[in-house]
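A quick write-up on the structure given underneath.
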Amino acid sequence: MNMMERLGILTLHRLSSETAHNIGLRALRSGLVPMSGCVTSDRLRTRVAGLDLPNPVGLAAGFDKNAEAVQPLSRAGFGFLEVGAATPRPQPGNARPRSFRLPEDRAVINRYGFNNDGAEVIAERLDKAPTEIPRGLNLGANKDSTDRPGDFARVLEATAAHIDFATVNVSSPNTEKLRDLQGAEALSALLRGVMEANTRGLPILLKIAPDLDLSALKEIAQVAEETGVAAIIATNTTLSRDGLQSVHRGETGGLSGVPLFAPSTRILAHLSTMTDLPLIGVGGIASAADAYAKIRAGASAVQLYTALIYGGLSLAAEIARGLDDLLATDGFAHVSDAVGTDRERWLG
């Protein structure tokens with residue numbers, strides 16, 4: 001992080017979390033944020049869930065909900081992007097304030113509630129913003145929908161022509177009863193509906209919560225395999241508040257950031273023993289060492305978001321380059337060779 005980026009972050013942190021984020025997106029769209037460009041190497045270049053990635057470090061959903069800054073983000077050093085979540089109809093989300101920085105914990109609590117401009121508007125923006133790296137869309141359901149499983153299929157139908165993959169998000173804690181769709185029967189029906197709507201044959205990913213017991217995790221893995229899911233993203237935000245220090249620790253919503261690293265990595269490692277599907281590790285990644293730990297716990301690729309709030313957008317390229325160095329130091333010729341090599345550490 002250079003001095004200008006550090007000053008920018010300090011200035012933005014004087015504002016509310018959501019206001020600062022919106023200003024950051026505007027700065028990206030205006031070209032005011034220097035971009036690192038593509039980061040790749042023979043070690044980092046990989047194929048995951050049918051997607052050719054220049055490196056395995058991706059941007060998680062939620063940073064660019066409405067696909068407003070896809071092109072500049074694609075030049076920030078990421079190997080792939082995920083925008084959204086999108087719902088069939090626009091919706092405002094939950095009342096403000098709904099996002100809180102927890103600087104003492106290097107974390108964030110949010111309860112946005114799938115605020116977005118709707119699938120059609122997002123599809124139009126994606127159509128006008130071609131990228132050289134794969135980009136996907138996180139699929140969601142409207143809060144007032146009477147057919148939430150059907151909403152996922154409708155978003156896919158509206159956007160499929162403009163994305164390289166889609167993620168079924170049944171793990172956000174901020175839409176009432178959405179996580180109920182992680183049950184085996186409901187999840188199977190939902191995913192089969194999405195697969196029927198997937199006429200373009202896109203890789204369909206599934207994003208799960210960290211607040212699952214091993215029995216539920218095994219059921220989800222089985223359903224994912226049976227329905228043709230291409231990869232599982234582990235994990236979304238948590239409802240846990242263990243060990244937090246910030247004055248905002250009591251806010252409702254999903255917790256992301258450093259406190260999520262260990263529990264999400266444990267879920268990832270256990271999941272890697274239950275399925276041969278590729279896994280994408282998310283939760284608490286703030287350094288190349290964190291990304292490497294996720295990979296060695298069983299992830300074929302990783303995603304980050306919250307760390308960018310504290311470390312700046314240059315962190316993406318920094319993590320990708322640092323990951324390359326760590327792989328080289330340990331003698332791995334390719335990132336795929338490191339996947340799962342330290343899984344046992346997390347299975348206790």
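Computation of the quantities below employed the complete heavy-atom set of this structure, encompassing side-chain atoms and omitting hydrogens, waters and symmetry-equivalent molecules. Bear in mind the structure is a predicted one, so any value in this text is a computation, not a measurement.
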Mind listing the side-chain donor-acceptor pairs of residues 49-62 below 3.5 Å, one per line with the distance, residues two or more places apart or on another chain?
from, atom 1, to, atom 2, distance (Å)
D52, OD1, R47, NH1, 2.8
D52, OD2, R47, NH1, 3.1
N55, OD1, V57, N, 2.8
N55, OD1, G79, N, 3.3
N55, ND2, V39, O, 2.8
N55, ND2, G77, O, 3.0

Atom CG of residue position N2 - does it have more than 12 heavy atoms of other residues, nucleotides or ligands inside 6.0 Å? yes
For D144, look at atom CG and say whether over 12 heavy atoms of other residues, nucleotides or ligands are found less than 6.0 Å away. yes
Side-chain H-bond candidate by donor/acceptor type, S264 with T235, under 3.5 Å: no
Are there over 12 heavy-atom neighbours, none belonging to E120, within less than 6.0 Å of that residue's CD? no
Sorted by chain and residue number, the salt bridge (charged side-chain N to carboxylate O under 4.0 Å, His left out) partners of R98 (sequence neighbours excluded) come out as E18
Please check if atom CE in M4 has more than 12 non-hydrogen atoms from other residues, nucleotides or ligands closer than 6.0 Å. no
Same cluster or not: F165 versus V170, using hydrophobic residues (I, L, V, M, F, W, Y) connected whenever any side-chain heavy atoms lie under 4.5 Å apart? no
Pairs of donor and acceptor atoms involving the side chains of residues 102-109, under 3.5 Å and at least two apart or interchain, shall be tabulated with distances.
from, atom 1, to, atom 2, distance (Å)
D105, OD1, Q245, N, 2.9
D105, OD2, Q245, N, 3.1
D105, OD2, S246, N, 2.9

Distance only, no hydrogens: is a donor on one side chain within 3.5 Å (strictly under) of an acceptor on the other, for N138 and N169? yes
Does L212 form a side chain to side chain contact (heavy atoms under 4.5 Å, CB included) with I220? I'd like the steps, not just the answer. CA-CA 10 Å; L212 295 165; I220 288 172; 3.7 Å; yes
Please determine whether side chain to side chain contact (heavy atoms under 4.5 Å, CB included) holds for the pair Y292 and L327, giving the CA-CA distance in whole Å, both sets of side-chain angles, and the decisive distance to 0.1 Å. CA-CA 8 Å; Y292 190 41; L327 290 165; 3.7 Å; yes
Side chains of T87 and K143: any donor to acceptor distance under 3.5 Å? no
Does D151 come within less than 4.0 Å of R89, counting only side-chain N to carboxylate O? no
Under 3.5 Å, which donor-acceptor pairs link side chains of residues 183-192 to any protein atom two or more places apart or in another chain?
from, atom 1, to, atom 2, distance (Å)
S188, OG, R192, NE, 3.2

Do T19 and N22 get their side chains close enough for a donor-acceptor pair, meaning under 3.5 Å? no
If you group Ile, Leu, Val, Met, Phe, Trp and Tyr by side-chain heavy-atom gaps below 4.5 Å, do L205 and Y305 land in one group? no
Charged tip of K294 within 45° of F261 ring normal and under 6.0 Å: yes
Determine, for R29 against E68, whether the closest basic-nitrogen to carboxylate-oxygen distance falls under 4.0 angstrom. yes
List the steps and the verdict of side chain to side chain contact (heavy atoms under 4.5 Å, CB included) for I122 and K65. CA-CA 9 Å; I122 290 172; K65 290 177 178 290; over 6 Å; no
Just grab all the side chain to side chain donor-acceptor pair (under 3.5 Å) pairs involving residues 306-320, residues at least two apart or on different chains. E5-S314, S256-T306
With sequence neighbours left out, which residue pairs that include part of residues 194-205 fulfil the side chain to side chain donor-acceptor pair (under 3.5 Å) condition? none
